Amino acid sequence: LKISDDVFETERDIVFQERKQRVSNNPFAGFGEILNKTLWQNNPYARPVTGLEDEILSITKEDVISFYDTYYSPDNAVLILSGDIDVVTARKLVNKYFQSIPNKNNNHKEVSFNVVKNSSFKVEQKLGDIKQARYIKKYIINKTNKDFNHILPLMLFSNYFGETDNSYLKRNYVLTGKMISASSSCDAFNRGQGTFAISVVSDEVSNVEEIVNKALLEALSSFGEKQLEEEKKKILSSLVYMQDDPESAASVMGRFYTLGFPINKIEAYAEYVKGVGLEDVKKAVSDMLTSSTNISAFLLPEENGDKSDE
């Protein structure tokens, strides 16, 4: 890696300004960092991807070169080719342009993704430029990210609960006026643990946590064989559409492969989806609600000039 002092200083300033624009000047982003730091504690996911402002300003050109020399290597990379490709020609081109690059064979230290187990946290922040209260409930998914049999039931339930315009939350809480907006998400495919999250905007703050907990239990109770098959069909249909979208297919394949999934397991993804049973969903969600480390986070409008962070 060859980089001049002037270019390095310019790029570092760009990263610094991007952080200020996206985080320091955005109350929702700053609140998200507080939430993650509290939930993840000493886990690497507690740290913002961009780093903190003082970390960005203190990084040196030597730090960047050292990082490049350590991690930018063929034995630490995945190359995915997707589309109308002649395999023989593609292999020749890959060998021509990449085979001469030597592996560095660096023994990277193992990253620990430990979490505080079976704990519940709470954070609250009041800001003057917030007009409506926001509530976020986030659960850490305890199982390994390579366990399709545990992840897929949670993904299917999240799709049903709050990820579409026809979701349980939308039909029963948003359209009925009980919430201004509400959604859920299941971010399961990571190097470490995943998360299941619910986000709500509401005029009613005092009992919003109770309402969300009630909605989760109601949705789980209403989730039957019919709903399961409908959610399976959505995921399976997206896999069919992906066959006509080489860019998305390459992105998904690359992500799974870098996480350590073997090719045969990736190729069998649809079969894993089809194999999820109703009891799998009920058990996965129930286990998450009763034994997963979680956080309740409140971002509230500031009242009478008071500011508080807990």
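Just so it is clear, the values below take in all heavy atoms, side chains as well, and ignore hydrogens, waters and symmetry mates. Not measured: the values here are computed from a predicted model. The residues of the chain are indexed from 1 along the displayed sequence.
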Modelled atom types, side-chain donor and acceptor of Glu218 and Tyr168, under 3.5 Å: yes
Tyr269 and Phe256 aromatic ring geometry - parallel, tilted or perpendicular at 30°/60° bounds: tilted
query: Quick one: are Phe161 and Leu220 in side-chain contact, heavy atoms under 4.5 Å?
result: no
field: Presence of salt bridge, Glu9 and Arg12, under 4.0 angstrom
entry: yes
- request: Spell out, as yes or no, whether a donor-acceptor pair under 3.5 Å connects the side chain of Thr10 to the backbone of Asp6.
  value: yes
- prompt: What pairs with Phe16 under ring-ring contact (aromatic ring centres under 6.0 Å, His included), at least two apart in sequence or on another chain?
  reply: none
query: Transitively linked via ILVMFWY side-chain contacts under 4.5 Å: Phe189 with Tyr139?
result: yes
statement: CD of Glu163 to CE of Met155, rounded to nearest 0.5 Å, is 7.5 Å
- prompt: If Ile, Leu, Val, Met, Phe, Trp and Tyr residues are connected whenever their side-chain heavy atoms lie under 4.5 Å apart, and connections chain through other members, are Val94 and Ile85 in the same group?
  reply: yes
For Pro246 against Ser82, the heavy-atom pair lying closest together: O-OG, 2.9 Å
message: To the closest 0.5 Å, what do you measure between OG (Ser167) and OH (Tyr173)?
response: 12.0 Å
field: Val123 and Lys37: CA distance, side-chain angles, deciding distance, side-chain contact (heavy atoms from CB on, under 4.5 Å) verdict
entry: CA-CA 10 Å; Val123 296; Lys37 178 62 178 175; over 6 Å; no
statement: Closest non-hydrogen atoms of Asp245 and Ser248, given as atom of the first, atom of the second and distance, are OD2-OG, 2.5 Å
query: More than 12 heavy atoms of other residues, nucleotides or ligands under 6.0 Å from NZ of Lys234: is that the case?
result: yes
field: Under 3.5 Å side-chain donor-acceptor pair for Thr195 and Gln193
entry: no
task: Evaluate the side-chain contact (heavy atoms from CB on, under 4.5 Å) criterion for residues Phe157 and Leu216: first the C-alpha distance (whole Å), next the side-chain angles of each, then the deciding distance (0.1 Å), finally the verdict.
output: CA-CA 10 Å; Phe157 179 74; Leu216 275 167; 4.1 Å; yes
task: Could you tell me whether the side chain of Ser251 and the main chain of Glu247 form a donor-acceptor pair under 3.5 Å?
output: no
query: With Leu156, which of Gln227, Glu231, Glu230 fulfils side chain to side chain contact (heavy atoms under 4.5 Å, CB included)?
result: Glu231
- prompt: Quick one: CD1 on Ile140 to OG on Ser291, what's the gap to the nearest 0.5 Å?
  reply: 11.5 Å
message: On a heavy-atom basis, which atom in Arg22 and which in Asn26 lie closest, and how many Å separate them?
response: O-CB, 3.2 Å
message: Nearest 0.5 Å, please: how far is OG in Ser112 from CG in Asn42?
response: 9.0 Å
From CG (Asp280) to CG (Leu152), nearest 0.5 Å: 10.0 Å
side-chain contact (heavy atoms from CB on, under 4.5 Å) between Val174 and Ile180, worked out: CA-CA 6 Å; Val174 177; Ile180 297 172; over 6 Å; no
Between side-chain atoms of residues 129-138 and protein atoms elsewhere (two or more places apart, or another chain), which donor-acceptor pairs fall under 3.5 Å?
{"from": "Tyr135", "atom 1": "OH", "to": "Ser296", "atom 2": "OG", "distance (Å)": "3.3"}
{"from": "Lys137", "atom 1": "NZ", "to": "Asn294", "atom 2": "OD1", "distance (Å)": "3.1"}
{"from": "Lys137", "atom 1": "NZ", "to": "Ser296", "atom 2": "OG", "distance (Å)": "3.1"}

message: Is it the case that the side chain of Ser237 and the backbone of Lys233 share a donor-acceptor pair, with hydrogens and angles ignored and the cut-off at 3.5 Å?
response: yes
Arg91 atom CZ, over 12 foreign heavy atoms within 6.0 Å: no
message: For residues 52-65, which residue pairs pass the side-chain hydrogen bond (donor to acceptor under 3.5 Å, both in side chains) check, not counting sequence neighbours?
response: Asp5-Lys61, Ser24-Glu53, Arg47-Glu55, Thr60-Asp63
- prompt: Ion pair present between Glu229 and Lys232, side-chain N to carboxylate O less than 4.0 angstrom?
  reply: yes
- prompt: What are the two closest non-hydrogen atoms of Ile151 and Ala188, and how far apart are they?
  reply: CG2-CB, 3.2 Å
- line: On a heavy-atom basis, the closest approach of Ile56 and Gly51 is CD1-O, 4.1 Å
message: If you apply the rule side-chain contact (heavy atoms from CB on, under 4.5 Å), what do you find for Gln41 with Val115, and how did you get there?
response: CA-CA 7 Å; Gln41 300 288 305; Val115 295; over 6 Å; no
Asp165 atom CG: more than 12 heavy-atom contacts under 6.0 Å: no
Cluster check Val240, Ile266: I/L/V/M/F/W/Y, side chain < 4.5 angstrom: no
- line: Note: Arg191 and Phe113 closest approach over all heavy atoms is CB-CZ, 3.9 Å
task: Give, for atom CG of Asn159 and atom OG of Ser184, the distance between the pair rounded to the nearest 0.5 Å.
output: 7.5 Å
- prompt: Is there a donor-acceptor pair closer than 3.5 Å between any side-chain N or O of Lys282 and the backbone N or O of Phe223?
  reply: yes
- request: Using atom types as modelled and distance alone, determine if a side-chain donor or acceptor of Asn103 lies under 3.5 Å from a backbone N or O of Asp75.
  value: yes
field: same_hphob_cluster(Phe28, Val201) at 4.5 Å side-chain heavy-atom cutoff
entry: no
Ser292 side-chain N/O to Leu289 backbone N/O, donor-acceptor pair under 3.5 Å: no
query: Does Lys104 count as lying over the ring of Tyr68, i.e. NZ or CZ under 6.0 Å from the six-ring centre, within 45 degrees of the axis?
result: yes
